[in-house]
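Working notes, beginning with the structure itself.
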Amino acid sequence: MGQFISEVKRTHRCGELTGKNVGERAVLFGWVHTRRDHGGAVFIDMRDRTGLTQVVFDPSLANVPEPLRSTLDGASVAAAHQLAHAQLRSEFCFGVEGVVVSRGENVNPKMKTGEIEVVAVRLEIFNRSEAVPFPLDDDIDTAEDKRLAYRYLDLRRRPLQEALVQRSRANRIVRSYFGEREFVELETPFLVKYTPGGARNFLVPARLSPGKFYALAESPQLFKQLFMVAGFDRYFQLVKCFRDEDLRLDRQPEFTQIDVEMSFVSQDDVFTEIEGLLRRLWKELLNVELPVPFPRMAFDESMRRFGNDKPDLRFGLEHVELTEVIKAHPEGGLPLFVEAVEQGGIAKAIRVPARHPLSRKEQDELETVCKGMGAKGLARAKVGESGEWTQSPLAKTVTPGLRQAINAATGAEAGDLLLFQFGKESVVHTVLANLRLHLGKKLKLIPEHGTDGRWNFLWVVDPPLFEYDEEQERYVAAHHAFTRPHDEDVPLLETDPGKVKCYRYDCVLNGFEIGGGSIRLHDPEVQARVFQALGISEAEAQEKFGFLLQALKFGAPPHGGIALGMDRLAMLMAGAPSLRDVIPFPKTQKGTDLMTDAPGSVSAEQLAELKVRTLAVEPPRE
RNA sequence: GGGCAGUUAGUUAAGUCGGUUAUAACGCCGGCCUGUCACGCCGGAGGCCACGGGUUCGAGUCCCGUACUGCCCGCCA
C-alpha cells in the first residue's frame with residue numbers, strides 16, 4: 001500500500017486519452033464507474049473528473065500487438081486480472097498501470113475515449129467502497145434529500161462536476177475581466193452591524209460584547225460605497241452574502257455576488273461594463289456571442305405587459321390591460337369586474353391562442369394554480385367563430401359591446417381562450433405573472449427547467465423610488481434609501497413621492513433576476529429630502545446610517561454599482577434546473593444541511609458564554 | 001404563516017373496490033462466462049409500506065394529525 005503511488009506517477013487523465021496515445025504507457029488514478037466481468041476478461045470503466053476510460057484486465061493480452069506484447073510482464077498482468085476479478089467493485093478507488101491500445105473493431109462511438117482502452121499490467125486498490133446508496137450515473141432521478149445526505153457521492157457525478165468546474169472558470173474570467181479593466185478587488189467584513197430594513201439578517205452573538213450581536217452581511221452595499229469615498233474608483237469582489245429569508249429554487253441563505261461599484265459613472269457606463277463581462281462569460285464558456293447593448297424596458301412597461309419586474313421574454317402570452325375597457329362599458333354586465341375596478345383594482349387578461357387548446361380539466365388545473373397564489377378564481381371564456389363567448393358563465397351576462405371591446409383589446413380570434421383576473425393590482429399581477437410562466441412551461445414555449453439555448457437579456461430600468469407599504473401606511477424605499485432619483489422627479493419628493501422614478505436597474509435573463517444595482521445618491525440636500533419623504537428623522541438616519549452619511553460629506557464622488565448573482569449566473573450557464581446544482585454544499589428549502597445536520601443544538605455552556613438564552617421548546621443537548 | 005405535490009426494498013417506481021404470501025426493474029451478494037460497453041445466463045438476500053392516532057372483522061390502500069422533501073404565494077430594501 002502506498003508503494004504504488006511513490007513508484008509511479010499519473011501520466012494521463014481518464015477523459016483525455018485518444019487514438020493519439022496508442023502505444024503509450026499509462027498510469028491512471030480513479031474510481032470504478034462500471035464493471036463488466038466476463039470471467040476471462042474484466043472491463044472497468046474508470047472515472048476521474050475528466051471522464052471515463054475503459055480499462056481491460058485480460059491475461060491473454062489478446063488486444064496487445066507485438067512487439068509490445070512481449071515486453072509486458074505476464075505474471076503481473078495475470079495478478080492484476082485476478083485482483084480485478086475477485087475484488088474490484090463499483091466505486092472502489094484504484095490506480096492502474098498499463099498500455100494504451102486501439103480498440104480496433106471494438107471502438108465504442110458513444111464514449112469520448114471509445115477509440116482506445118488501457119490494458120492493465122498492474123493494479124492497486126487504494127480503497128474499497130460500500131455499495132453506494134444511489135446510482136452515480138449522469139442522469140438519475142434520486143430524491144433530492146438522499147443526494148444531499150451523501151453530497152460527496154452526488155458530487156462524483158459528471159453533471160455536477162462539470163457545472164462546478166464551469167463555475168470555477170467563470171470565477172477566473174470575472175477576475176481577469178475586472179482586473180484588466182483596472183478594478184480593485186477588495187474585501188469587506190461579513191460580521192457587520194445590524195441595520196433594519198431589507199432582508200432579515202442572520203445574527204451572531206458577540207461574546208466580547210455580552211448581549212450584543214453582529215449581523216452577517218446581506219451584501220457589502222454600504223462598504224463598497226465607502227470604497228468610492230476612499231477613492232478606489234473601481235471596485236469588485238466575489239463575495240458571499242447571507243439572508244435569512246425563505247428559500248426558493250433560485251434562492252439560498254448564503255450565496256455569492258459579483259459585487260461592483262464605480263465612481264464617475266452614469267447608468268449607461270455600468271451597463272456597458274456588465275454587458276462586456278457577460279459577453280465574455282458567454283463567449284468563453286458557451287461560445288455564444290451575446291448581442292449588445294441588451295434591450296431595456298421601463299419598470300412600468302414590464303409590470304403592464306408581464307405583471308412583474310423580471311419578465312421572461314422568450315415567449316408571448318402577455319397581459320392585456322382591460323381596466324379602461326371595462327370603465328368605458330359601465331353597462332357591460334360584469335358585476336365582478338366593475339366592482340373590482342370601482343374599488344381601485346384592475347382587470348387583466350391573458351389570451352391563449354387557439355393553437356394551444358386546453359381541456360376543461362387543464363383549465364381547472366390552471367384555476368387551482370391561481371387560487372394557490374391568492375386568486376379568488378379564474379374567469380375564462382372560449383371565443384367562438386363570430387366572436388361570441390362559450391363555455392363560460394360570462395357568456396350570458398356580458399353585453400355584446402363589452403365583449404367585442406375585450407375581444408378587440410386582446411386580439412381574440414375564434415378558438416382562443418381568454419383567462420381573466422380582476423381585483424387588487426398586486427394580486428392580479430402576481431397571479432397572472434405566475435400563470436403566464438405556468439402556461440409557458442405547460443405549452444412548451446419554454447422548458448420546464450434549465451435553458452434551451454435562448455438568452456433573452458434585459459435591463460429593467462426606471463422603477464419608482466418608493467413603494468407604498470399598506471401595513472405601515474407610509475412610503476418605504478423600494479431598493480434602498482441611497483438611490484438617486486431622476487433629476488426631473490426630485491420636485492415630486494414632497495408632492496407625489498409615489499411618482500418619483502430612480503436610477504435603479506435590474507438585469508434579467510430568461511425570467512431570472514441575475515443582478516441589480518443603482519446610481520447612488522451623493523447629494524446631501526436631496527438625500528435629506530428622501531429621508532423626509534420616508535419619514536426618517538435626522539436622528540434616526542444618523543443612528544442607522546451615520547457612518548455613511550458622514551462619509552458622504554467628505555467630497556464623495558458620484559458613484560453607482562451593481563451586484564450580479566453568481567449562483568444564478570452559474571445555474572443558467574450550466575443549464576441546471578436548480579441553484580443547488582451549482583453550489584457544492586447547498587441547503588434544503590428549510591435551510592437545513594442534510595449531510596451535517598446543521599443547524600444543530602449547542603451546549604448550555606456555549607450559550608452561557610455568549611450570554612444567550614434560548615426560548616426554543618427543545619432544550620439544548622448536555 | 002399559507003397553497004399544491006410527494007414519502008412502499010439500497011434506488012426508482014407499481015400496488016385495482018379495503019381482503020389473507022406487498023410486486024417489478026436497477027443495484028447488491030454468490031456461481032458461470034474472453035470483447036463487453038444498458039454485457040449475458042443461473043441462484044440468493046433484502047420491507048416497522050415516513051411517524052402517531054382513528055374507522056373497520058381486516059388498512060400500504062379510507063379519515064385526522066405530525067415530520068420530512070420539492071415547487072409556489074407571502075417574504076427576499
Side-chain angles (χ1 to χ4, degrees), chain A residues 33-45 52-63 81 85 89-91 103-111 113-114 117 119 129-137 139-150 195-201 218-219 221-222 241-253 255 365 368-375 426-427 430-431 433-435 437-438 441 448-449 463 465-467 469 471 475-483 504 513 516 518 534 544 565 577-578 580 588-590 592 594:
Chain A
H33 188 66
T34 50
R35 153 177 178 271
R36 294 174 295 279
D37 188 344
H38 290 236
V42 179
F43 299 94
I44 301 288
D45 289 340
L52 299 174
T53 282
Q54 172 163 292
V55 178
V56 58
F57 295 89
D58 180 356
S60 78
L61 296 174
N63 210 28
H81 168 261
H85 170 69
R89 294 293 181 273
S90 192
E91 295 306 322
R103 288 213 214 172
E105 300 288 301
N106 300 314
V107 163
N108 182 353
K110 291 181 206 160
M111 280 179 85
T113 60
E117 64 189 359
V119 174
S129 172
E130 292 183 11
V132 290
F134 50 85
L136 302 187
D137 302 330
D139 294 306
I140 59 172
D141 38 19
T142 302
E144 194 88 23
D145 51 345
K146 294 181 176 81
R147 293 173 49 195
L148 290 174
Y150 297 92
T195 49
R200 186 180 295 116
N201 291 96
E218 63 192 69
S219 80
Q221 181 60 44
L222 301 179
C241 302
F242 306 88
R243 295 183 187 172
D244 186 10
E245 296 292 347
D246 286 5
L247 281 64
R248 287 286 188 281
L249 176 83
D250 61 348
R251 276 160 40 185
Q252 283 273 314
F255 59 99
E365 284 166 7
T368 305
V369 169
C370 291
K371 282 181 172 172
M373 286 174 300
S426 59
V427 176
T430 296
V431 170
N434 286 290
L435 178 63
L437 284 175
H438 184 86
K441 289 172 183 171
E448 186 75 32
H449 298 294
L465 180 61
F466 304 118
E467 279 170 1
D469 184 317
E471 279 182 25
Y475 283 100
V476 297
H479 178 45
H480 62 61
F482 309 103
T483 302
R504 154 150 182 85
E513 183 197 321
S518 63
L534 287 169
K544 288 176 182 172
S578 165
R580 288 186 294 270
T588 70
Q589 191 146 36
K590 283 229 164 55
T592 61
L594 296 177

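Convention: sequence-line order gives letters A, B, ...; per-chain numbering from 1.
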Residues that A:His85 engages under ring-ring contact (aromatic ring centres under 6.0 Å, His included), provided they are two or more places apart
none
Each nucleotide N or O in nucleotides 3-8 of chain B that has a protein N or O under 3.5 Å away: list the pair and distance.
none

Answer yes if the side chains of A:Gln54 and A:Asn108 hold a donor-acceptor pair under 3.5 Å, and no otherwise.
no
Partner set under side-chain contact (heavy atoms from CB on, under 4.5 Å) for A:Ser578, not counting sequence neighbours
A:Leu249, A:Arg580, A:Asp581
With sequence neighbours excluded, residues passing side-chain contact (heavy atoms from CB on, under 4.5 Å) with A:Ser219:
A:Gln221, A:Cys241, A:Arg243, A:Gln257
Is any side-chain N or O of A:Thr430 closer than 4.0 Å to OP1 or OP2 of B:G74?
yes
side-chain contact (heavy atoms from CB on, under 4.5 Å) involving A:Leu52 - partner list, sequence neighbours excluded:
A:His33, A:Arg47, A:Met111
Is there a Watson-Crick or G-U wobble partner for B:G65 with both distances under 3.5 Å, and if so, which one is it?
B:C51
On RNA chain B, nearest-nucleotide positions of A:Asp37 versus A:Pro196: which is more 5'?
A:Asp37
According to the 5.5 Å centroid and 30° plane-angle thresholds, does A:Phe43 stack upon the nucleobase of B:U36?
yes
Nucleotide nearest A:Arg251 (side chain, heavy atoms from C-beta), chosen from B:C76, B:U11, B:U69
B:C76
Residues of residues 52-61 of chain A with any non-hydrogen atom less than 4.0 angstrom from an atom of RNA chain B: list those, numerically ordered, please.
A:Gln54, A:Asp58, A:Ser60
Using a strict threshold of under 4.0 Å (side-chain N to carboxylate O), is an ion pair present between A:Asp246 and A:Arg251?
no
Value in whole Å for how far the C1' atom of B:C37 lies from CD of A:Glu117
11 Å
Reckon A:Asn434 has a side-chain N or O less than 4.0 Å from the OP1 or OP2 of B:C73?
yes
Compare the aromatic ring of A:His38 with the six-membered base ring of B:U36 and state whether they stack according to the 5.5 Å and 30° rule.
no
Return the nucleotide paired to B:C32: Watson-Crick means purine N1 to pyrimidine N3 with N6-O4 or O6-N4, wobble means G-U with N1-O2 and O6-N3, both under 3.5 Å.
B:G40
Against the side chain of A:Asp246, the closest entry in B:G30, B:G35, B:G1 is B:G1
Would you tell me if any nitrogen or oxygen in the side chain of A:Ser426 comes within less than 4.0 Å of OP1 or OP2 on B:G74?
no
Ignoring the backbone of A:Gln589, work out which of B:C72, B:U11, B:U34 is nearest its side chain.
B:C72
Look at the side chain of A:Arg89 and decide which nucleotide, out of B:U12, B:G30, B:C28, has an atom nearest to it.
B:G30
Show your working on salt bridge (charged side-chain N to carboxylate O under 4.0 Å, His left out) between A:Glu245 and A:Arg200 and close with a plain yes or no.
CA-CA 6 Å; A:Glu245 296 292 347; A:Arg200 186 180 295 116; 3.5 Å; yes
Those residues that, when tested against A:Tyr150, pass ring-ring contact (aromatic ring centres under 6.0 Å, His included) (two or more places apart)
none
Can you check whether any acceptor in the base of B:C33 is under 3.5 Å from a donor in the side chain of A:Arg36, or vice versa?
no
Residue whose closest nucleotide on RNA chain B lies nearer the 5' end, A:Ala481 versus A:Leu249
A:Leu249
Spell out yes or no: do the side chain of A:Arg243 and the base of B:C76 have one donor N/O and one acceptor N/O closer than 3.5 Å?
no
A:Phe134 meets the ring-ring contact (aromatic ring centres under 6.0 Å, His included) criterion, sequence neighbours left out, with none
Hey, is the side chain of A:Arg248 poking within less than 4.0 Å of OP1 or OP2 on B:C73, counting only N and O atoms?
yes
Polar pair under 3.5 Å, donor/acceptor by atom type, side chain A:Arg103, base B:C37
yes
Under-4.0 Å side-chain N/O to phosphate OP1/OP2 contact, A:Arg580 with B:C71:
yes
Please identify each residue that fulfils side-chain contact (heavy atoms from CB on, under 4.5 Å) with A:Ala131, with sequence neighbours left out.
none
